[in-house]
Each structure stands twice: as C-alpha cells, then as structure tokens.
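Structure first, commentary second.
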Protein chains: 2
Amino acid sequence: MKNQKAREEFEKFLKKEKHRITPERFEVMDYALGYDGHFGADELYVKMKSEHSNISRATVYNTLELLAQCDLLSKRNFGEHKSRYESNYGRKNHDHLICTNCGAIKEFTNSKIAKIVDEISRELGFEVSGYSFNIFGNCLKSDTCKNKLDTKHNIR
Amino acid sequence: MKNQKAREEFEKFLKKEKHRITPERFEVMDYALGYDGHFGADELYVKMKSEHSNISRATVYNTLELLAQCDLLSKRNFGEHKSRYESNYGRKNHDHLICTNCGAIKEFTNSKIAKIVDEISRELGFEVSGYSFNIFGNCLKSDTCKNKLDTKHNIR
DNA sequence: TTCAGTGCAAAAACTTTGCAGGAGG
DNA sequence: CCTCCTGCAAAGTTTTTGCACTGAA
C-alpha cells in the first residue's frame, strides 16, 4: 500500500480529532503526498478531476487543511493570492528563498532560526506552534527557473 | 502639510519610476499612513468611501502597491486570504508573532535575523530584497486581544 | 440510526481588468 | 496633445457556504 506510514499517521490524527475515516480523505492524501513540489488547492482539485476522480472541491480544500494540521503537509504563502502546499512526508524542515524576478523557489535550512524562534517565544510569553521564514530577492540565474509565481511580490 | 517628508519621498519615487504625480495617490498615502495598525486594501477603500472620497478601488489597490514598492508601507500576509499593509513611516523594522487562537499580532525585533538573511543569501548567491518572518502560536492572554484574523491558520 | 462528510453549485472575499473619459507632463 | 491614470463595473481567482444525500461509526 502506497504511503502506508502516512496513512497510519493521518488515521491516528483523524481519530484523535474525532473526524471520520473516509476514502476521499486518503485519496486527497495520496495525490498531495505524490505531488512533486508546491501546489495550490485548486490545482490539486483540477488534477484529480482530470484523472477521473469524482472528488469535490470542498473535500479537497477541507482535507488539505486537515493534512496541514497533522503536519503531513506544510501550508505556505509566498505573497501570491493563494496558498501553496508541500509534502512534509519523509522530508526535513526547511525555509524558502523566493526569486521575485523569475519565481524560482529555493530551499534552505539554518539551525539558528529555531533558536531565535525559541528565544522570542520565551521572551514574549508565546506558546509557539510554528513559524514562516521567507527570503525574497533575485536568484541571478533566471534561465534555470521554474515554479513561476504570479505576483508583483513586495510581500514582507 | 501632513506627512510632508513621506510626500517628498513618494514623489521622488514616482518621478524616478516615471509614474505620474496625482492627487489620488497622495490621498491614498495619507489614509494609509494615518491608519492605526494593519489594514487590508479593500478595508482602506471602504473607509475612504465612507468618508466621502470618490476614489476608486483600482486606484487604491494600485497605489498601495506603489507605496509598498517605495517602502513607505509594508505588505504582509499572515495566512489569511488577503494581504495586509502597515505604515513604515517613522517606524523601525520588525517581525510578527501571530496568535492563532485570538488573532492578536505582536511585534518583535531581533538583530540576528538580518545576519541570517545575509548569511544565507551569500551562501546561495541571492540578491536579497527583503524577507518575512512570522511566528505563529498562542499568546496565552486571549482577553486583551484585538486585530482578529479570519483564518484557521496553519500557514508556515 | 445518526450526523459528519460529500458532491455540487452558488456565493463570498479579495483582486484585477476593460473601457471611456480626464488630467499630468 | 499624447498617454497614463482614474472611476466604474464587470470579470477573475481562490476559498467558503448551503443544501440534500450518503455512508462511517
């Protein structure tokens, strides 16, 4: 069975939160975890439809939210007029550099960031559940870029 | 004259970018810089309309973009289905803690962040124009909160 | 059996676009 | 006087909601 461990994790989450175990939810999970790179909710819905699923838009949106809640997906916003999701399954945490010129997205990791998050949360009395750290700029090699964004991009 | 220095800065930017100097642009600037806290583009439009401006939606959206480009405003996204703006005029840079429970937004500054941004950009050959750093969690004092967000909020 | 979840379509929320008229340079 | 900008309304994009039906527990 594909994504067996993810399935178990999702099922555990659904039970804990008293959500029902439905085939549709696992169908969305499989598509989401199988997607290569970042994707929008509607994008995934259209893809599933095009491959003859009879899933509904509402179910896709709802399920992606659940998958993000249980940390199998990350939900991100890079300044576009939509959210992007990406699989966390079998991947390590990372943050993003976004090229505002060509739209390329690069990943990076830096252990100091978690320390800062920790420091600030202690300072301000905050119980942290997560953070987002995006760096915007120009990748200086716009020819090899993919993952185009669709924004003017002065989000900070 | 209100916001005199900001006016001059905006005018300089408009000339440099070969945009026209129009009264509407300064009207939006005045409202934006005078707004207390974060605001959405449509929110500002509605406010201006309610105060008998005859500005158009398109002009508000367009002008806020320009003001963000010339750094008089910051454009932000806290995981909602919209962008928020906030005045930079006479304020120092800061990042945000967002309470996913009550929607409160707290500001913080930490000098290490800029260093990390610098480090990473050098490492990866990126010409940085800006970054966003948001921490999500629970502020543990939901009674004093304002600035409600309208999202389930698992953006990372 | 019960009610959360689903499919569908319509509505909502935010943003962008097309067009005709008006004003900045 | 040439366009860029504006106001207006309409359309576009992404997400949410309402409703009747279905199927998980």
Side-chain angles (χ1 to χ4, degrees), chain A residues 10-29 31 38-49 52-69 75-85 148-155, chain B residues 10-29 31 38-49 52-69 75-85 148-155:
Chain A
F10 193 24
E11 199 166 321
K12 198 171 91 188
F13 167 81
L14 291 173
K15 278 177 179 156
K16 184 175 56 123
E17 298 291 323
K18 303 213 185 315
H19 293 305
R20 290 185 177 164
I21 312 288
T22 70
E24 288 84 358
R25 285 176 171 166
F26 290 108
E27 195 193 348
V28 173
M29 189 198 79
Y31 268 86
H38 302 88
F39 59 91
D42 223 70
E43 201 172 327
L44 193 72
Y45 167 72
V46 169
K47 178 171 171 136
M48 291 180 75
K49 277 306 204 186
H52 311 103
S53 170
N54 75 325
I55 201 86
S56 73
R57 197 170 246 116
T59 301
V60 172
Y61 275 83
N62 159 58
T63 305
L64 291 176
E65 205 63 48
L66 293 172
L67 287 163
Q69 275 173 35
K75 183 179 182 182
R76 316 214 180 256
N77 183 289
F78 297 137
E80 306 164 290
H81 185 207
K82 69 173 177 186
S83 298
R84 292 193 180 225
Y85 293 86
K148 285 265 172 205
L149 299 199
D150 54 12
T151 178
K152 289 140 196 162
H153 233 101
N154 16 327
I155 282 264
Chain B
F10 193 26
E11 199 165 322
K12 198 171 89 186
F13 166 81
L14 291 173
K15 279 178 179 156
K16 184 175 56 118
E17 300 291 322
K18 304 212 184 317
H19 294 306
R20 288 183 178 165
I21 312 289
T22 69
E24 290 84 358
R25 285 177 171 165
F26 290 107
E27 194 192 349
V28 173
M29 189 198 78
Y31 268 86
H38 302 88
F39 59 91
D42 223 69
E43 201 172 327
L44 193 72
Y45 167 72
V46 169
K47 177 170 172 136
M48 291 179 76
K49 278 305 206 188
H52 311 103
S53 170
N54 75 324
I55 201 86
S56 73
R57 198 170 246 116
T59 300
V60 172
Y61 275 83
N62 159 58
T63 305
L64 291 176
E65 205 63 47
L66 294 172
L67 288 163
Q69 275 173 35
K75 183 178 182 182
R76 314 215 181 256
N77 181 290
F78 296 136
E80 305 164 291
H81 185 206
K82 69 174 175 184
S83 298
R84 291 194 179 226
Y85 293 86
K148 284 265 174 205
L149 298 200
D150 53 12
T151 179
K152 289 140 198 163
H153 234 102
N154 18 327
I155 282 265

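Every chain is numbered from 1, with letters handed out A, B, ... down the list of sequences. None of these values were measured; they are calculated from a predicted model.
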Item to complete: Select one nucleotide: of D:dG7, C:dT6, D:dG12, the one nearest the side-chain heavy atoms of A:T59.
Response: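 Output: C:dT6.
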
Discussion item. Does A:R57 contact D:dT16 through a side-chain donor or acceptor facing the base, at a distance under 3.5 Å?
Written reply: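 Result: no qualifying N/O pair found.
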
Discussion item. Let's test your reading of the model: under 3.5 Å, does the base of D:dC4 pair with the side chain of B:R20 as donor and acceptor?
Written reply: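 Indeed, a donor on one side and an acceptor on the other fall under 3.5 Å apart.
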
Using whole Å, report how far [atom1] of [X] lies from [atom2] of [N].
X     : N      : atom1 : atom2 : answer
A:K82 : C:dC14 : NZ    : C1'   : 15 Å
B:N54 : D:dA9  : CG    : P     : 12 Å
B:K18 : C:dG24 : NZ    : P     : 19 Å
A:N77 : C:dA13 : CG    : C1'   : 15 Å
B:L14 : D:dT6  : CG    : P     : 10 Å
A:L44 : D:dT15 : CG    : C1'   : 15 Å

Side-chain N,O ([X]) to OP1/OP2 ([N]) below 4.0 Å:
X     : N      : answer
B:R25 : C:dG24 : no
A:S83 : D:dT14 : no
A:H19 : C:dA4  : no
B:N62 : D:dT6  : yes
A:K49 : C:dC8  : yes
A:Y61 : D:dT15 : yes
A:T22 : C:dT6  : yes

Worksheet entry | First of B:A58 and B:I21 reached from the 5' end of DNA chain C, by closest nucleotide |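 Here B:A58 is the residue nearer the 5' end.
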
Worksheet item: With distance as the sole test, does B:N77 use its side chain to make a donor-acceptor pair with the main-chain N or O of B:K82 at under 3.5 Å?
Response: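 The answer is yes, because a donor-acceptor pair under 3.5 Å joins these two groups.
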
Worksheet item: Taking 4.0 angstrom as the limit, do A:K47 and A:E43 come out as a salt bridge?
Response: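 Salt bridge between A:K47 and A:E43, a charged N being under 4.0 Å from a carboxylate O: no.
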
Practice prompt. Please indicate whether B:K49 has more than 12 foreign heavy atoms, meaning atoms of other residues, nucleotides or ligands, lying under 6.0 Å from its NZ.
Written response: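 Yes - once you tally the heavy atoms of other residues, nucleotides and ligands closer than 6.0 Å, there are more than 12.
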
